[in-house]
Amino acid sequence: MSLLSLDQVSVAFGHHPLLSNISFSAERGERVAIIGRNGAGKSTFLKVVFGEQIPDEGVVRIEGGMRVAQLPQELPAADGKTVRQVVSEGAGETNELLTRYFSLLEDMSTDHSDELANIQTKLDESQGWDLEQRVNHMMQRLALPADKLMSELSGGWRRRVILAQALLSAPDILLLDEPTNHLDVPTIEWMESQLKQFRGLILFITHDRRFLENLANRIVELDRGNLLSFSGRLSEFLVFKEKQLEEEERANALFDKKLAEEEVWIRQGIKARRTRNEGRVRALEALRDERKERIDRQGNAKMKLGSNEKSGKLVAEFTQVAHAFEDKTILKPLDLVVSRGDRVGLIGPNGCGKSTFLRILLGQLEPSSGTVRQGTKLNIAYFDQLREQLDPEKTVADNVGEGKDTIEVEGRSRHIIGYLQDFLFPPERARTPVKALSGGERNRVLLAKLFTKPANLLVMDEPTNDLDVETLELLEELLTEYQGTLLLVSHDRAFLDNVVTSVIAFEGNGVAKEYVGGYQDWIRQGGRFPTDKIEKEVEKEQDQAKTTATPEVSEQKTDTAPAKKKSKLSYKLQREFDGMPDLIATLESDISDLQEVISAPDFYSGEQASVQNTLAKMAAKEEELETAMERWLELEEMQNG
């Protein structure tokens, strides 16, 4: 049964249609990724579902009694509220009623019996008396420190808090708009695991392809006002979409050829016009109208990244470089050489010292100990994730051209308006103040500004935020072909894997190590992030609470400590463990058979329903295999435990 349906919904701003008579439905258990170019209408789609945006036409239906919750893109304020208070606000009216109820009980100066009775009735009807229990359960589930102030938490932890707030109302439909923005990799992976456990319907927008690939089981693309729905993973959708675009191009080419032939016919001589078929004339007029209505697919940005004269072979060398702020160690002694042409990714949790490391390498900060030797002929360009290089009050053209009508790019002069069209800014958009742009557009402005200044050392801090997939892939291609040296700070795992040749991982307690390859190579070599300090504190508090609540259990465990290790599984678990290799082999065989079907040349030319059914089977088998592998490892650990 569909929890949500949209019927012939349209939304337009001026003459620009974002949603054009779209119909859509989704069921419980689906995790639907909304994808599309920047400005295609993804956020508008979520606003329509949530009720923030009233459609121009059409109907939005949410099954009766279904609750909708939204995880806002903005972080909650770092104020003096406690985590418990902010999470409790997710209960809405119930939380307000409870707060008012206990406030009235404390006020002994006036008789509030009538109001108390009224509140009590409402709380009975909404089962609101167990709110505190539900809040405690949610905070325990998400490992949140109940009494910490929001001002004491990092951005990643505040993101956890608002996720707990959204989940507290037990929503049936959860809306997420760029939930991974500015989160570090450990928090992104944590969020993935939490959302996979959600049993309702999830609609989400993200620029993080690895997050999208891991979470989504259905893809919905918004393209030129239309909606294309596909059951399966992103990687499977991209193959399907490529085939569809080829078909669209062929159909458009045939249409344009026919239109051109009819235009030649209508322009024939006087005799032909006198005897022409009026039905054919009307058909030509219909063709013209159809061509006028066709919205051509937006092109890709045409970014070019140049580098001026080469730097010296050595870019930077660390010899036993260490740094500390007061008593906090940021970087333990490190030896490192960065050579010309290296593409180095910096990975680690927020606040681990990546920015400090960059400042030391660039000579902006003296280390506490050790020596830094910089190379020669360095010309540095810096991409700032906070976009502080942009003046929000100035137009796009003024920000990039710095008030000039022409700029010099790769040794030749170009008009600023023409240059900005390469970055998908038409003339009217190029004259728009930066403050009116979306996040993805602002990132494109910063890239346009950065690429006007050739450099042989490029430092990029989170350049992927808010960019659409096409622009991300182009940026990857540019950076891969870049002849200079790249230092890249990013939490986008796919972007790191596709761009960098080595990573410097900040693994906790000031330890930084260099690994060859990208993020997945680091994982394969045994890399892992440290458990967050606050999470350790929460686990410690929970352990203490359990010990206090059941002291006799604690004593029993102490007395029988040597017997804690189990060398033998129960009969049932042993049978399950023994059967795992055969199960895994069967799943791998099924996946192999499906891969043969999918790789057939004519697979995507078949009926769409059959294609999507096969791809859905493939996704389900892959998920079964992943679950089986995890269970096998779990049983093996229990056996060896």
Side-chain angles (χ1 to χ4, degrees), residues 303-319 321 323 330-331 334-348 353-367 370-391 399-402 404 407-411 419 423 442-465 467 474-492 495-496 499-504 506 512 514:
M303 299 183 278
K304 290 184 179 180
L305 179 59
S307 60
N308 59 358
E309 62 173 323
K310 290 182 178 180
S311 66
K313 187 173 181 181
L314 175 73
V315 173
E317 181 179 18
F318 280 22
T319 305
V321 170
H323 195 71
I330 301 297
L331 186 65
L334 173 68
D335 292 323
L336 175 73
V337 174
V338 179
S339 302
R340 183 179 65 221
D342 285 349
R343 297 194 295 275
V344 184
L346 306 182
I347 60 176
K354 299 187 294 292
S355 297
T356 301
F357 173 88
L358 283 178
R359 290 177 63 201
I360 292 173
L361 187 143
L362 297 174
Q364 299 171 356
L365 179 67
E366 282 290 325
T371 58
V372 179
R373 185 159 67 100
Q374 282 196 331
T376 57
K377 300 179 181 178
L378 292 180
N379 192 350
I380 302 167
Y382 181 68
F383 181 99
D384 169 29
Q385 66 161 316
L386 299 178
R387 310 181 186 117
E388 291 179 354
Q389 299 170 47
L390 301 180
D391 185 338
N399 266 285
V400 176
E402 297 177 349
K404 300 175 184 176
I407 55 174
E408 189 170 305
V409 182
E410 294 187 313
Y419 174 70
F423 290 80
R442 293 186 193 193
N443 261 19
R444 288 210 307 271
V445 175
L446 192 51
L447 288 170
K449 184 178 178 70
L450 187 72
F451 292 174
T452 62
K453 300 177 172 65
N456 51 36
L457 175 56
L458 188 58
V459 181
M460 308 191 84
D461 189 358
E462 288 292 347
T464 65
N465 281 344
L467 294 180
L474 177 59
L475 183 57
E476 283 177 357
E477 186 179 334
L478 285 171
L479 295 178
T480 303
E481 296 173 353
Y482 179 54
Q483 299 300 308
T485 305
L486 172 68
L487 297 174
L488 172 67
V489 178
S490 181
H491 300 305
D492 188 322
F495 193 76
L496 285 164
V499 170
V500 303
T501 54
S502 66
V503 295
I504 297 173
F506 292 78
E514 185 178 19

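Numbers here simply count residues along the sequence, with the first being 1. In what follows, every heavy atom counts, from backbone to side chain, and hydrogens, waters and symmetry copies are set aside.
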All heavy atoms of L378 vs all of V315, minimum pair found to be CD1-O, 3.9 Å

CD on E514 to CG on L346, rounded to 0.5 Å: 10.0 Å

NZ of K310 to NZ of K377: how many Å apart, nearest 0.5 Å? 11.0 Å

Minimum side-chain heavy-atom gap P367-V372 below 4.5 Å: yes

Any donor-acceptor pair under 3.5 Å linking the side chain of T485 with the backbone of G341? yes

For N456, is there any backbone N or O sitting under 3.5 Å from a side-chain donor or acceptor partner on N379? no

For residues I504 and A512, report the shortest heavy-atom separation together with the two atoms involved. CG2-CB, 4.2 Å

Rounding to 0.5 Å, atoms CD (E402) and CD1 (I407) come to a distance of 9.5 Å

Side-chain (R340) to main-chain (S311) donor-acceptor, under 3.5 angstrom: yes

Heavy-atom check, side chain of L457 versus side chain of L362, under 4.5 Å: yes

Closest non-hydrogen atoms of S490 and F495, given as atom of the first, atom of the second and distance, are OG-CD2, 4.3 Å

Quick one: pull up CG in L365 and OG1 in T356 and give me the separation to the nearest 0.5 Å. 6.5 Å

Does N399 use its side chain to pair, donor to acceptor, with the backbone of K449 at less than 3.5 Å? no

For H323 and I360 the tightest heavy-atom approach is CB-CD1, 3.9 Å

What distance separates Y482 OH from L475 CG, expressed to the nearest 0.5 Å? 12.5 Å

R343: which of T480, L488, L496 passes side chain to side chain contact (heavy atoms under 4.5 Å, CB included): T480

Fit a plane to each ring of F357 and F318, take the angle between them on a 0 to 90° scale, and name the class: parallel (under 30°), tilted (30 to 60°) or perpendicular (over 60°). tilted

Side chain to side chain contact (heavy atoms under 4.5 Å, CB included) test vs Y382 passes for just one of L487, D461, L458, namely D461

Over 12 foreign heavy atoms within 6.0 Å of CD, Q364: yes

